[in-house]
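Just below is one structure, and these are the notes that go with it.
Numbering starts at 1 and runs along the sequence shown. We count ligands from 1, going down the list as the structure has it; atoms in each ligand are counted the same way.
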Amino acid sequence: MTPEARAADFDAADPLAGYRERFTLPEGVIYLDGNSLGALPKATPAALARVVEQEWGEGLIRSWNSAGWFAMAGRVGAKIAPLIGAAPHEVIACDSTSVNLFKLIAAALQMRPGRKVVLSEPGNFPTDLYMIAGLEAQGLAERRLAQRDKLPEALDHDVALLMLTHAHYKTGALHDMAALTRAAHAAGALVLWDLSHSTGALPVDVNGVGADFAVGCGYKYLCGGPGAPAFAFVAERHQAALQQPLTGWFGHAAPFAFSDDYAGAPGIDRLQCGTPPVLGLAALEVGVDLIAEIGVGRLYEKSQALSEFFLECLMAQGIALELASPARSIERGSQLSFRHDNAYALCQALIARGVIGDFRAPDVLRLGFAPAYLSFTDIAAAARHMAEVLTSGEWQRPEFSQRAAVT
Ligand SMILES: *Cc1c(COP(=O)(O)O)cnc(C)c1O
């Protein structure tokens, strides 16, 4: 049986097959980069048009109340909450992931007086490491990096916060959230999980593992659109004492009392800073609703099946590539990364054929398997393109090695 025939059988039996129709995907494109920018839900343009034309155009300033703009950050946060195992009042959609990291790292440091170390791992997503560096330059933090197998022993009594990304952006390798959270707590440290590559793709249980804080991205698997607001989770037990440093008026207990003095809002609302991006939240809400409707459990199951099938297709065509991701699907997120000396050119050659993945320096070709809108037929076709590009040597064409500024 050819990979294509097997794919057709899998598609026929796929309970999520119908959801592809709910996304806009260009003709001739196999989109394996939904882990970087999620595809556009078909309902988004109309939802945005309604917010722009009716709520903004007609309602004007009244829409802060009449259209529920004030409550939007909390409302969208509450919809994200069940996707990560949080209670609705523990999550808010606001700012970027980077800014949310800053707020929560600073808040954690303040909760552990006498400790300054923020522990993470080398090779974590750059912005996560840079946000610690900024606080270090202010004299507030001390950055410590330890390889993943050395993290438990690096948890000494100077560590205020353990901050890690659950699914590694480059390899998809997963951390054991429960074990590491337990180890950090045993050492008296708090834990902040970056769920950017997990939310909407695999089940996460922040309260089940006892996490203190989490952040995540709105434009990847949640399909909120470019630059979508991110989210922040603060466990209920920390909310009353939490002091975050970006004390803007939207995090005030009574923003419209126009008092001279800051008083943080009770609960998760104090994570807000300035006026929320209503258009961005409106687009994010459509993506979150759709992902929640499909269900993270089903999405995870399908993403594992897609990545396993991709490997099977490569093997059927005699292609052996070095896998940078864990070989066991249970140990990785919704992606497969391959190491290749010419990963950049390989990626460009695939893009020229309409197979969009991405390159991560220095040598990784990264393919994301966003399960909401990919079919097994897509996967079989992508694997065939990959085999052809490799065996024909097509990737060696000079135009494929010229680097663009943004890849
Ligand atoms: C995508 C991603 C981010 C993005 O941060 P922004 O502030 O939205 O640019 C942060 N952390 C991780 C782990 C990511 O994968």
Q.
Give the atom numbers and elements of ligand 1 that come within less than 4.0 Å of a heavy atom of K220.
A. 1 (C), 2 (C), 3 (C), 14 (C), 15 (O)
Q | Geometric cation-pi criterion, R403 with Y344: 6.0 Å, 45° | A | yes
Q. Which of the atoms in ligand 1, numbered in the order shown and given with their element, are less than 4.0 Å from a heavy-atom of Y219?
A. 1 (C), 4 (C), 5 (O), 6 (P), 8 (O), 9 (O)
Q | Residue pair H166 / D194, side-chain donor-acceptor N/O under 3.5 Å | A | no
Q: Could you find the nearest protein heavy atom to atom 7 (O) of ligand 1 and give me its residue, atom name and distance?
A: S98 OG, 2.6 Å
(Q) Check D378 with R20, please: is the shortest side-chain N to carboxylate O separation under 4.0 Å? (A) yes
Q: Mark up the atoms of ligand 1 that fall under 4.0 Å of a heavy atom belonging to S96, in ascending order.
A: 7 (O)
Q: Could you tell me the residue and atom name of the protein heavy atom closest to atom 5 (O) of ligand 1, and the distance to it rounded to 0.1 Å?
A: T97 CB, 3.4 Å
Q. Do any N/O atoms on T165 end up under 3.5 angstrom from N/O atoms on ligand 1?
A. no
Q: Verify the neighbour count for atom CH2 of W64: are there more than 12 heavy atoms of other residues, nucleotides or ligands below 6.0 Å?
A: yes
Q: Using a 4.5 Å cut-off on heavy atoms from C-beta on, say whether the side chain of I92 contacts that of V234.
A: no
Q. Can K220 be said to sit on top of F125's aromatic six-ring, NZ or CZ under 6.0 Å from centre and within 45° of the ring axis?
A. yes
Q) Which atoms of ligand 1 are found less than 4.0 Å from any heavy atom of S196? A) 2 (C), 3 (C), 10 (C), 11 (N), 12 (C), 13 (C), 14 (C), 15 (O)
(Q) Once you restrict to heavy atoms under 4.0 Å, what part of N124 touches ligand 1? Side chain, backbone, both or neither. (A) neither
Q) N/O of D194 under 3.5 Å from N/O of ligand 1, yes or no? A) yes
Q | Enumerated ligand 1 atoms positioned under 4.0 Å from heavy atoms of H197 | A | 15 (O)
(Q) Do E236 and N207 pair up side chain to side chain, a donor and an acceptor below 3.5 Å, judged on atom types alone? (A) no
